[in-house]
Amino acid sequence: MQKLDPHHALHHGLRWFRVAQTRPRGRPNHRNFVPPTPEDDAKDLSAALGAFQASRAIFPQDQRKSSRPIATRVEHNSCQLDAAQARLRPSVSMATTSNMFLYSLTIQPPSNVVHAVLGQFAGTKEQLIISGAGSRLTLLRPDSSQGKVVTVLSHDVFGIIRSLAAFRLAGSNKDYLIVATDSGRITIIEYQPGPNRFHRLHLETYGKSGVRRVIPGEYLACDPKGRACLVASVEKNKLVYVLNRNSQAELTISSPLEAHKPNVLVIAMVALDVGYANPVFAALEIDYSEVDQDSTGQAMQEVETQLVYYELDLGLNHVVRKWSEPVDPTASLLFQVPGGNDGPSGVLVCGEENITYRHSNQEAFRVPIPRRKGATEDPSRKRTIVSGVMHKLKGSAGAFFFLLQTEDGDLLKVTIDMVEDEDGNPTGEVRRLKVKYFDTVPVASNLCILKSGFLYVASQFGNYGFYQFEKLGDDDDELEFSSDDYPTDPHASYEPAYFYPRPAENLALVESIPAMNPLTDCKVANVLGEDAPQIFTVCGSGARSTFRMLKHGLEVNEIVASELPGEPSAVWTLKRHRDDQYDAYIVLSFSNGTLVLSIGETVEEVSDSGFLTSVPTLAAQLLGEDGLIQVHPKGIRHIRSGHVNEWAAPQHRSIVAASTNANQVAIALSSGEIVYFEMDSDGSLAEYDEKKEMFGTVTCLSLGEVPEGRLRSSFLAVGCDDLTVRVLSLDPETTLENKSVQALTAAPTALSIMAMEDSASGGSTLYLHIGLHSGVYLRTVLDEVTGELTDTRQKFLGPKGVKLFQVTVQGQTCVLALSSRPWLGYSDPITKNFVVTPLNYVDLGWGWNFSSEQCEEGVVGIQGQSLRIFSIDRLGEPLIQSSVPLTYTPKKLVKHPEQAFFYTIEADNNILPPDLRAQLLADPAAVNGDAKDLPPEDFGYPRGNRRWASCISVIDPVSDTPQVTQTIHLENNEAAVSVAVAPFASQDAEHFLIVGTGKDMVMNPRSFSEGYLHVYRFVEGGKELEFIHKTKMDEPPQVLLPFQGKILAGVGKTLRLYDLGLRQMLRKAQAEVVPQQVVSLNTQGNRIIVGDVQQGITYVVYKPATNKLIPYVDDTLSRWTTCSTMVDYESVAGGDKFGNMFIVRSPQKASEEADEEQTGLHLTNAREYLHGTSHRLNLMCHFYTQDIPTSITKTSLVVGGQDILLWSGIMGTIGVFIPFVSREDTDFFQSLEQHLRTEDPPLAGRDHLMYRGYYAPVKGVIDGDLCERYTLLPNDKKQMIAGELDRSVREIERKISDIRTRSAF
């Protein structure tokens, strides 16, 4: 037998033990294999040693050959084990898995719209908008009757959306969507309104993945008749796909036809409207082949921009370059001009200060882009068109217009006059081009004009706008400029056109839709004293910037709030007859009586309702068709057609709880007995013979609604103070028999049986909702046949006992839960998940459904002595935003350490500062028109070359109207770049606001004249700032951080420590710690974490004994850091400018060395490794987010929730990373993620694993956004995945829901 080498046996034993231990329960599945942690290694090694020693007994000949005793052999083996263990350690840290696992979730999706298209995507006449932002496709329904835009569907394609285009096949009434992404594939998508989802029809591969200049996808154009589409890259490649139908009327797509040309750059592309002639596509191109060969640079000066026509010959099935003509060298945009019977065809070519009409068989016509006139405007500044839209008017041929937008936001109306024939009909030959000022709206990435007379503005920055056309600007006295007065040659001299901007006349803003891009900073704090903290952000650009407070909750629309004579304990609404549309009565129960009010034009007290008003009411209900029930402590009162029947409670006993529905009544007596009544066929109430005796005092009951087509509800839920809920049967054969029981952690205070939408089954399911005295809310599935209780989910709502009510919101059954604040449980309109969200409203004591002519779907509630009626308009938006306008683009946000005040630094480049603006307006010889000052939030600030406008704002977010309490403008062309609130030990730990500024800064290439540190003292508790002094520096300090009673400043490559002096800041220590520029700082103890703009993270230790700053560990990769935060003493989480999030950890040895020595001599003299520090950081987690992180912070978002990492991205994204607590959860979500990658591949064809590992392989992070797509899968796929994971569908959905609700929202 072969001799077994000890090493070999060790590894065999180790491998076998590892496989045995990591094999999952249930079905064997290699996907569930999780590489081990170092702790697992230690356990496996000791187990392997046992296996190895046991194996010695099998090989007796091995013992005979050995002259040494066994004891020494085991010692020798232990030495080998140590060596093996040492060898194994690095392999664990180098693996692409991690022993730290995080779950990534998006709280707020990105809001920067790349592209928006309009079309009849549902196959009806209704126009819908599809927009692409980041990786999300969003379907919007503009509601012209209410003047709102409603989000119908949001779908994450897990890829970078580059362009979108809508097309419709001839004879069809439905539009399809083409999506070009970074997947290297063209995707055709259909919207299916029934299941409310996007369905992929075709996926055609044409190139590599990623955003590359030679891979098509940057430009996408569709023939107006839906016959072909062209997808092009920035350089060289163009592909044409022919779109058609097959015999089954299904959409087909051809193989691509190539129209490649090397050494050509494409600037813009559009499809021509040529009617039913061969499809033609127009492109703006630059041929750089001569520039490449010319070393003198002369060819660069003479390079031409060409307008090129590509024709698709449908007969010969190939693409030809049909026509090309040089155009203005500054041309950057093309717009399609209607053709066929509607117009002359051709394109509008937009360049710097010119709009030119071009077509292959027509003359060119050119008009200039008008410039603004005003005292603060530069009369020589030329404008460029950045976006636009063409709209055809119904009724007459040739009736169309363009709205083109300049970079100032000014909309220009462009029209084309055509030559008319003898009958006055347009001939299709162009006579002139005309332009006039229309209105000013925010600068847009896309404009969409709806047939219903609305304009949707997808803004580049800040909120989107939904405008209504008041008029088309035809009959105003605005000056119109015609091509008759201007030369066609762009180089010929001409007189510039000017106009006066004015407030909007033609457009009226109907709705401002919240959007948070660009989001520059984010903080989490609980300034309102609520149970959960709020998220504070600064976002937007220029004068449209805002400070926003985000609260988790639903917006409530209050309709009535009126005081009552006493303090009621409960309220109900009743109809007179079952078929009535609206409620007729409001019944209020007080401690000593009942008040009945009628609902009509006015609300008045009613005396003839039949209700007993001298006693409090426990329940009120419409019974049968027209009977009314009043349950009070001494009995039941049944009122029918003016007749009153009484059922009196047994002597010495009173009614303590009651539940009713349309056919049944159940009451609980103080003795613990349950009495059950059912309505007879004649409408009278019949008592069931036996009473059911319970073990404790009954605290609550619930019958639930009578199901459609049934006579009764099958179950009665009974809650007792012995911490149980029992389900009793109400079937005639088994009346009041126990069906099931559930033990609770506290006494139940409310029960409610209701049928609700269920994502697990796809239909409706019966649920029992339970409210506990401890403030916990439980939702459990009630089996409709057996009465069993399964799949319990729980949520802590607040410190008060929970009351539950069934209400209807937007047509769906919801549960209203009242604790220390009101909550609503409902099915999310898009994901169909059950969510429990707080209402942004006062704490209510009771709630009930309310319906009247003024408010068809409302809720009536009581709060103290007031009666309140309100409605909930939007269910799908669980984050409430309240905003405060800011002056300039915000850069950073800090909070006062004790008070609820925030401080922002704001700066805008190439903007005139206020003092210069005032000087120009006051100048009596204003050269450029009148001295009118327009509101900057609508018209922007006047431009000024290399000028900076900057300020510091103090914000009070908790006053009745959140506002800016003070604004301090910076002078001398200074701009604020960094801010911190720091306590100084030399000033008795008093806090000061320190602001870092730069003077005469140029962003690219980076230059400046000098930097400063401004110091401000807090006055009036932080409401105002008082300037103390400023200190000159050689460079602007990019980042500031309080540190041990002083302040750290990152100035270029150096880290400096300053203390506060009487006249200026005093430098205490300094060290060059990074190779490029310090951009982020964090600290804990004597340890400082420094983020470099280009070289990642460096750990620095401060040695107070020698007053030295010593870098001792740095990164292996050159990460372009944007933000960082400390996760714990050893680990740092950060983001980079390519959209990656990472966590790095200091090696244990390096960390101990840095903390041990007092003077740091050992660290100072340590040998450098590869031009860096002597140690390197270990990578723990890595994940691609597709948004550039601007802030990251460790915080907790829910009551009693664990700490998470919350990050914000510049595109308006807010996301969280939730740490896994157990290995079991990690294994489960890893397996689920792998199944979803194969069963639900991304819509646009991008490989999910490659997408999340865009720049480096994903490590230690599970994509929660992908896992949450499980609930949207068809039922058969859900069941299949559940079978593979050896769990039920409900169990999987509960785990997905729990991880979100316990840590985020």
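Note that the structure is predicted; figures quoted are calculated from it, not measured. Computation of the quantities below employed the complete heavy-atom set of this structure, encompassing side-chain atoms and omitting hydrogens, waters and symmetry-equivalent molecules.
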**Asked** Below 4.5 Å, heavy atoms only, C-beta onward: do Pro216 and Ser233 meet side chain to side chain?
**Response** yes
**Request:** Applying side chain to side chain donor-acceptor pair (under 3.5 Å), run through Thr205 and Arg185 and close with a yes or a no.
**Result:** CA-CA 4 Å; Thr205 305; Arg185 297 167 166 189; 3.2 Å; yes
**Fill in**
The residue among Val157, Thr187, Leu153 that forms side chain to side chain contact (heavy atoms under 4.5 Å, CB included) with Phe198 is Leu153
**Asked** Using 4.0 Å as the upper bound for N to carboxylate O, is an ion pair formed by Glu478 and Lys436?
**Response** no
**Item:** Spatial distance of atom OG (Ser254) from atom CG (Leu243) [nearest 0.5 Å]
**Value:** 7.0 Å
**Request:** Look up atom OH in Tyr464 and atom CD1 in Ile129, then write down how far apart they are to the nearest 0.5 Å.
**Result:** 11.5 Å
**Lys471, NZ: over 12 other non-hydrogen atoms inside 6.0 angstrom** = yes
**Item:** Residue pair Gly217 / Ala180: nearest heavy atoms and the distance that separates them
**Value:** O-CB, 3.5 Å
**Prompt:** So, Ser387 versus Gln405: side-chain donor-acceptor pair below 3.5 Å or not?
**Reply:** yes
**Request:** Just do the side chain to side chain contact (heavy atoms under 4.5 Å, CB included) check on Ile369 and Thr406 with the steps written out, would you?
**Result:** CA-CA 8 Å; Ile369 298 171; Thr406 68; 3.7 Å; yes
**Asked** Does the distance from a Lys or Arg side-chain N to an Asp or Glu carboxylate O, for Lys238 and Glu258, drop under 4.0 Å?
**Response** no
**Message:** Looking at Arg321 and Glu311, is there a salt bridge between them, counting it only when a charged N and a carboxylate O are closer than 4.0 Å?
**Reply:** no
**Qualifying ring-ring contact (aromatic ring centres under 6.0 Å, His included) pairs, either residue in residues 438-457, two or more places apart** = Phe454-Phe466
**Test item: Glu363 and Val430 side chains (from C-beta on) under 4.5 Å apart, heavy atoms** = no
**Passing option when Asn354 is tested against Asp328, Thr384, Thr488 for side chain to side chain donor-acceptor pair (under 3.5 Å)** = Asp328
**Message:** Check this for me: Glu495, atom CD, are more than 12 non-hydrogen atoms of other residues, nucleotides or ligands nearer than 6.0 Å?
**Reply:** no
**Request:** Consider only side-chain N and O atoms of Thr252 and Asn244, and report whether a donor and an acceptor are under 3.5 Å apart.
**Result:** no
**Asked** From Leu239 CG over to Leu257 CG, what is the distance, rounded to the nearest 0.5 angstrom?
**Response** 8.5 Å
**Asked** Does one side chain, of Asp273 or Ser345, offer a donor that lies under 3.5 Å from an acceptor on the other?
**Response** no
**Complete:** Between Ala282 and Leu307 the two heavy atoms that sit nearest each other are CB-CD1, 4.2 Å
**Prompt:** Can you tell me if NZ on Lys174 sees more than 12 non-hydrogen neighbours from other groups inside 6.0 Å?
**Reply:** yes
**Item:** Pro344 side chain reached by Met418 side chain, heavy atoms, under 4.5 Å
**Value:** yes
**Request:** Show your working on side chain to side chain contact (heavy atoms under 4.5 Å, CB included) between Val231 and Ser163 and close with a plain yes or no.
**Result:** CA-CA 10 Å; Val231 57; Ser163 52; over 6 Å; no
**Request:** Could you check if a side-chain atom of Leu284 sits within less than 4.5 angstrom of a side-chain atom of Leu334, using non-hydrogen atoms only?
**Result:** yes
**Prompt:** Hey, is the main chain of Glu250 close enough, under 3.5 Å, to the side chain of Arg245 for a donor-acceptor pair?
**Reply:** no
**Message:** Check Asp408 with Arg381, please: is the shortest side-chain N to carboxylate O separation under 4.0 Å?
**Reply:** yes
**Nearest heavy atoms of Gln306 and Ser324, plus distance in Å** = OE1-OG, 3.5 Å
**Message:** Show, in sequence, the C-alpha distance, side-chain angles and deciding distance for Arg371 and Glu353, and conclude whether the salt bridge (Lys or Arg N to Asp or Glu O under 4.0 Å) test is met.
**Reply:** CA-CA 9 Å; Arg371 304 175 187 176; Glu353 200 167 66; 2.3 Å; yes
**Prompt:** Is Glu407 atom CD crowded by more than 12 heavy atoms from other residues, nucleotides or ligands, each under 6.0 Å away?
**Reply:** yes
**Message:** To the closest 0.5 Å, what do you measure between CG (Leu118) and CD1 (Ile449)?
**Reply:** 9.5 Å
**Prompt:** According to the ring-ring contact (aromatic ring centres under 6.0 Å, His included) rule, which pairs have a member within residues 318-344, sequence neighbours left out?
**Reply:** Tyr309-Trp323
**Item:** Pair Ser111-Asn517, side-chain donor/acceptor within less than 3.5 Å
**Value:** yes
**Prompt:** Under 6.0 Å from the CD atom of Glu420, do we count more than 12 heavy atoms belonging to anything else shown?
**Reply:** yes
**Asked** Looking at Val117 and Leu164, what are the two nearest heavy atoms and their distance?
**Response** CG1-O, 3.8 Å
**Complete:** To the nearest 0.5 Å, atom OG of Ser483 lies from atom OH of Tyr357 at 11.5 Å
**Prompt:** With a distance cut-off below 6.0 Å to the six-membered ring centre and an angular limit of 45° from the axis, does Lys413 pair with Phe401 as a cation-pi contact?
**Reply:** yes
**Prompt:** Between the side chains of Ser289 and Asp287, does any donor sit under 3.5 Å from an acceptor?
**Reply:** yes
**Prompt:** Is the backbone of Glu352 close enough, under 3.5 Å, to the side chain of Thr330 for a donor and an acceptor to pair up by distance?
**Reply:** yes
**Request:** Please confirm whether the backbone N or O of Leu251 pairs with a side-chain atom of His202, one donor and one acceptor, at under 3.5 Å?
**Result:** yes
**Close side-chain approach of Leu404 to Leu411, heavy-atom, < 4.5 Å** = no
**Request:** Take atom CG of Asn361 as the centre, draw a 6.0 Å sphere, and report whether it contains more than 12 heavy atoms from other residues, nucleotides or ligands.
**Result:** yes
**Message:** A cation-pi test, strictly: NZ or CZ of Arg366 under 6.0 Å from the centre of the six-membered ring of Tyr494 and no more than 45 degrees from its axis. Yes or no?
**Reply:** yes
**Message:** Under a 3.5 Å distance rule, please check whether Asn463 uses its side chain to pair with a backbone N or O of Ala515 as donor and acceptor.
**Reply:** yes
**Prompt:** Should we say atom CZ of Arg213 is surrounded by more than 12 heavy atoms from elsewhere, each under 6.0 Å from it?
**Reply:** no
**Request:** Flag the pair Arg162 / Val211 as yes when at least one side-chain heavy-atom distance between them is below 4.5 Å, and no otherwise.
**Result:** yes
**Request:** Inspect the contact between Arg432 and Asp417 and indicate whether a charged nitrogen and a carboxylate oxygen are less than 4.0 angstrom apart.
**Result:** yes
**Prompt:** Taking all non-hydrogen atoms of both residues, which atom of Lys225 and which atom of Gly275 are closest, and how far apart?
**Reply:** CG-O, 3.3 Å
**Item:** Donor on one side chain, acceptor on other, Asp182 and Tyr1251, under 3.5 Å
**Value:** no
**Request:** Identify whether NZ of Lys or CZ of Arg in Arg372 sits under 6.0 Å from the centre of the six-membered ring of Phe939 and within 45° of that ring's axis.
**Result:** no
**Complete:** Heavy-atom closest pair (Ala268 atom, Leu333 atom, distance to 0.1 Å) is CB-CA, 4.1 Å
**Asked** Quick one: does Thr305's side chain have a donor or acceptor within less than 3.5 Å of a partner on Pro329's backbone?
**Response** yes
**Asked** Under 6.0 Å between the ring centres of Phe121 and Tyr191?
**Response** no
**Asked** How long is the span from the CD1 atom in Ile161 to the OG1 atom in Thr138, to the nearest 0.5 Å?
**Response** 8.0 Å
**Request:** Check whether any side-chain heavy atom of Leu177 sits under 4.5 Å from a side-chain heavy atom of Phe167, and report yes or no.
**Result:** no
**Request:** Say whether, by atom type as modelled, one donor and one acceptor occur between the side chain of Asp439 and the main chain of Asn506 under 3.5 angstrom.
**Result:** yes
**Asked** Hey, are the side chains of Val280 and Tyr310 touching, using non-hydrogen atoms and a 4.5 Å cut-off?
**Response** no
